[in-house]
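Before any comments, here is the structure.
What you are looking at is a predicted structure, and each value in this text was computed from that prediction instead of being measured. Throughout, residue positions are numbered sequentially from 1 according to the sequence presented.
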Amino acid sequence: MSISLARRAMLAATAAFAVAATGAFAEDKVKLRLSAVSSDTDQRAVALLEKFGPMVSEVADFEPHWNATLFAQGTELEAIAVGDLEMSITSAQELATFFPEFSIFTAGYVHQDAAHQVAVFNDPLMDAFKQKAEDELGVKLLTVMYLGRRQVNLRQTKDELTVSTPDDLAGVNLRMPGTDAWQFLGRALGANPTPMSFTEVYTALSTGSVDGQDNPLPTVVDAKFYEVTNQIVLTSHLVDLNYLALSKATWDSMTPEQQEVVQAAADATADFARENQLQKESELVSFLEEQGLSVYEPDVAAFRDRVQNMYLESEYAATWPAGLLDKINALGN
Ligand code: KDO
């Protein structure tokens with residue numbers, strides 16, 4: 001489920017070395033190369049380009065790389081840990097491959113909405129998670145970014161398959177991103193999950209090598225998945241988040257003034273992206289219907305019950321700190 005302790009120790013040692021190696025250049029402008037899987041028209045990218053880059057320009061050279069052109073999906077955290085990369089848009093699912101307890105933030109129907117994500121990220125309950133990522137991986141989580149409510153998006157027309165409960169997804173070959181936490185979510189939905197990188201999904205949908213995929217509506221539109229699918233089932237099974245991740249070595253090489261600029265830029269970027277993403281999410285149902293897709297709500301309670309039960313009975317829940325789920329729930333509505 002997670003990478004070995006020995007490997008984590010090796011990465012921690014590499015990260016510590018990188019801190020020592022870069023500390024000497026404290027006064028210089030820092031180089032911030034970001035590797036992201038998303039396109040440059042994704043709202044997180046737009047915000048990074050319009051807010052983050054300009055806001056840090058006095059203290060840093062921000063160099064973003066989109067569409068996984070610098071590092072493949074899922075390899076970015078290790079690249080930061082070994083000093084090959086400064087920034088990425090990472091996920092709790094990727095962090096859970098190093099630290100299983102991060103899986104609490106990957107569980108379906110836990111986060112309630114965008115505001116809940118922010119409240120959780122800023123609550124002291126996150127301190128131990130942030131500290132561990134810094135100490136053992138050399139990754140500083142600057143801020144939380146809203147990706148949106150993930151929905152099930154299928155090639156089949158609604159006449160061919162109408163999804164009401166998880167049982168209706170039995171045998172459906174659903175592409176999920178490539179970590180165990182994502183595969184578990186696919187199974188919890190009742191589907192037959194297939195791991196695949198984001199950059200391969202459009203082709204896989206168009207050739208029919210998968211039946212569907214799950215992502216928030218803005219991603220379905222930005223990645224043009226609507227061109228090669230016929231329906232969207234509004235399961236809202238995961239209010240998905242990303243973290244803006246920065247090399248701890250790079251952070252430690254900055255002066256307190258530089259750090260303040262970078263942190264303020266990260267926060268402003270996440271706020272801007274969140275507002276834009278929420279706006280898009282609220283507008284896109286009619287756009288997708290105009291493109292000929294059926295967009296409808298299943299029996300969401302049936303999905304919630306099955307998904308929550310599966311997580312609570314899973315080996316993931318055994319790694320969650322005692323009482324943490326209650327604390328997270330208490331921060332919601
Ligand atoms: C995806 O691969 O489906 C996913 O939505 C997973 C997210 O964690 C995030 O990495 C996202 O892709 C990319 O940023 C592309 O939008």
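- Nearest approach of Gln263 to Leu142, heavy atoms of both residues: NE2-O, 3.0 Å.
- Transitive grouping of hydrophobic side chains (ILVMFWY, heavy atoms separated by less than 4.5 Å) keeps Val46 and Ile89 in distinct clusters.
- Separation of atoms CG (Leu85) and CD1 (Ile80) is listed at 5.0 Å; rounding is to 0.5 Å.
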Which is it for Gln151 and Ser236 under the side chain to side chain donor-acceptor pair (under 3.5 Å) test, yes or no, and what are the steps along the way?
-> CA-CA 5 Å; Gln151 318 292 4; Ser236 296; 3.2 Å; yes

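- Side-chain contact between Leu174 and Leu189 is present, with at least one heavy-atom pair separated by less than 4.5 Å.
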CA sep, side-chain torsions, deciding dist, call: Tyr202, Glu227, side chain to side chain donor-acceptor pair (under 3.5 Å) | CA-CA 9 Å; Tyr202 184 95; Glu227 292 179 349; 2.5 Å; yes

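- By the neighbour-count criterion of 12 heavy atoms within 6.0 Å, atom CD of Glu63 is densely surrounded, having more than that number from other residues, nucleotides or ligands.
- Looking at Ser197, its side chain never comes within 3.5 Å of a backbone N or O of Glu200 through a donor-acceptor pair.
- Of the charged side-chain nitrogens involved, at least one lies within less than 4.0 Å of a carboxylate oxygen, so that Asp61 and Lys29 count as a salt-bridged pair.
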Could you walk me through whether Ser39 and Thr41 pass the side chain to side chain donor-acceptor pair (under 3.5 Å) check?
-> CA-CA 5 Å; Ser39 73; Thr41 50; 3.0 Å; yes

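- Between Val239 and the options Arg150, His116, Arg149, a side chain to side chain contact (heavy atoms under 4.5 Å, CB included) holds for only Arg149.
- For the pair Asn276 (side chain) and Ala273 (backbone), a donor-acceptor distance under 3.5 Å is absent.
- In this structure a side-chain-to-backbone donor-acceptor pair under 3.5 Å is missing from Asp28 to Val30.
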Derivation of the side chain to side chain contact (heavy atoms under 4.5 Å, CB included) call for Leu244 and Leu141 | CA-CA 6 Å; Leu244 189 58; Leu141 304 180; over 6 Å; no

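- Taking the side chain as every heavy atom from C-beta outward, Asp123 and Met126 never approach each other to under 4.5 Å.
- Relative to the ring axis of Phe99, Lys132 does not place its NZ or CZ within 45° and under 6.0 Å from the centre.
- Minimum heavy-atom separation, Asp211 to Gly171: OD2-O, 4.0 Å.
- Between Leu48 and Phe62, the closest heavy-atom pair is O-CE2, 3.7 Å.
- Heavy-atom minimum distance, Ala119 versus Leu331: O-CD1, 4.0 Å.
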Met254 and Thr250: side chain to side chain contact (heavy atoms under 4.5 Å, CB included), yes or no, with the steps?
-> CA-CA 7 Å; Met254 295 185 219; Thr250 304; 4.1 Å; yes

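- For Gln183 (side chain) and Pro177 (main-chain N/O), a donor-acceptor pair under 3.5 Å exists by modelled atom type.
- Note on Leu217 and Leu278: separate hydrophobic clusters, where clusters join Ile, Leu, Val, Met, Phe, Trp and Tyr whose side-chain heavy atoms are under 4.5 Å apart, directly or indirectly.
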With side chain to side chain donor-acceptor pair (under 3.5 Å) as the test, would you mind laying out the steps for Arg155 and Asn230 before giving the verdict?
-> CA-CA 5 Å; Arg155 295 179 81 236; Asn230 288 298; over 6 Å; no

Report the C-alpha distance between Phe184 and Val307 in whole Å, list the side-chain angles of each, state the deciding distance to 0.1 Å, and finish with yes or no for side chain to side chain contact (heavy atoms under 4.5 Å, CB included).
-> CA-CA 10 Å; Phe184 186 84; Val307 169; over 6 Å; no

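- Residue Trp66 holds its CH2 atom at 5.5 Å from CG of Leu34, rounded to the nearest 0.5 Å.
- Following chains of ILVMFWY side-chain contacts shorter than 4.5 Å, one cannot reach Val152 starting from Val201, and the two form parts of different hydrophobic clusters.
- Separation of atoms CG (Leu169) and CG (Leu161) is listed at 7.0 Å; rounding is to 0.5 Å.
- Residues Met145 and Thr269 are in side-chain contact: their nearest non-hydrogen atoms beyond the backbone lie under 4.5 Å apart.
- Side chain of Ser103 to backbone of Thr106: no donor-acceptor contact under 3.5 angstrom is found.
- No path of Ile, Leu, Val, Met, Phe, Trp and Tyr side chains, each step under 4.5 Å between heavy atoms, connects Met55 with Met87, placing them in separate hydrophobic clusters.
- Not one N or O on the side chain of Gln112 forms a donor-acceptor pair closer than 3.5 Å with the backbone of Gly332.
- Note on Tyr109 and Leu147: separate hydrophobic clusters, where clusters join Ile, Leu, Val, Met, Phe, Trp and Tyr whose side-chain heavy atoms are under 4.5 Å apart, directly or indirectly.
- The number of heavy atoms from other shown groups lying within 6.0 Å of NZ (Lys130) is above 12.
- Closest approach of Ala188 to Arg306, counting heavy atoms only: O-NE, 2.7 Å.
- Residues Asn192 and Arg187 form no side-chain contact, since every pair of their non-hydrogen atoms from C-beta on lies 4.5 Å or further apart.
- One finds the CD atom of Glu94 at 6.0 Å from the CG atom of Leu77 (value rounded to the nearest 0.5 Å).
- A donor-acceptor distance shorter than 3.5 angstrom exists from the side chain of Asp168 to the backbone of Ser164, with no hydrogens or angles considered.
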Does the pair Thr255 and Gln258 meet the rule for a side chain to side chain contact (heavy atoms under 4.5 Å, CB included), with working shown?
-> CA-CA 5 Å; Thr255 64; Gln258 288 174 320; 3.2 Å; yes

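- One distance of note links CD of Gln213 with CG of Asn173; it measures 12.5 Å at 0.5 Å rounding.
- Looking at Thr235 and Pro298, their side chains come closer than 4.5 Å, going by heavy atoms from C-beta outward.
- Annotation for Glu58: atom CD does not count as buried by contact number, only 12 or fewer foreign heavy atoms lying within 6.0 Å.
- A distance-only check finds a donor-acceptor pair linking the side chain of Ser35 to the backbone of Phe71 [under 3.5 Å].
- Within the 4.5 Å cutoff, the side chain of Leu238 has heavy atoms near those of the Gln93 side chain.
- Counting only heavy atoms from C-beta outward, the side chains of Val139 and Ser247 never approach each other to under 4.5 Å.
- When atom types are taken as modelled, the side chain of Thr229 and the backbone of Phe225 share a donor-acceptor pair closer than 3.5 angstrom.
- For Val144 against Arg274, the heavy-atom pair with the smallest separation is O-NH2, 3.0 Å.
- Residues Asn153 and Tyr226 fail the side-chain proximity criterion, which asks for heavy atoms closer than 4.5 Å.
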With ring-ring contact (aromatic ring centres under 6.0 Å, His included) as the test, would you mind laying out the steps for Phe105 and Phe129 before giving the verdict?
-> CA-CA 11 Å; Phe105 307 118; Phe129 289 87; 4.9 Å; yes

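- The side-chain tip of Lys158 points at the ring of Tyr296 from less than 6.0 angstrom away and within 45° of straight on.
- A donor-acceptor pair under 3.5 Å is absent between the side-chain atoms of Arg175 and the main chain of Ser209, judged by distance alone.
- For the atom pair Leu325 CG and Tyr311 OH, the distance stands at 12.5 Å (nearest 0.5 Å).
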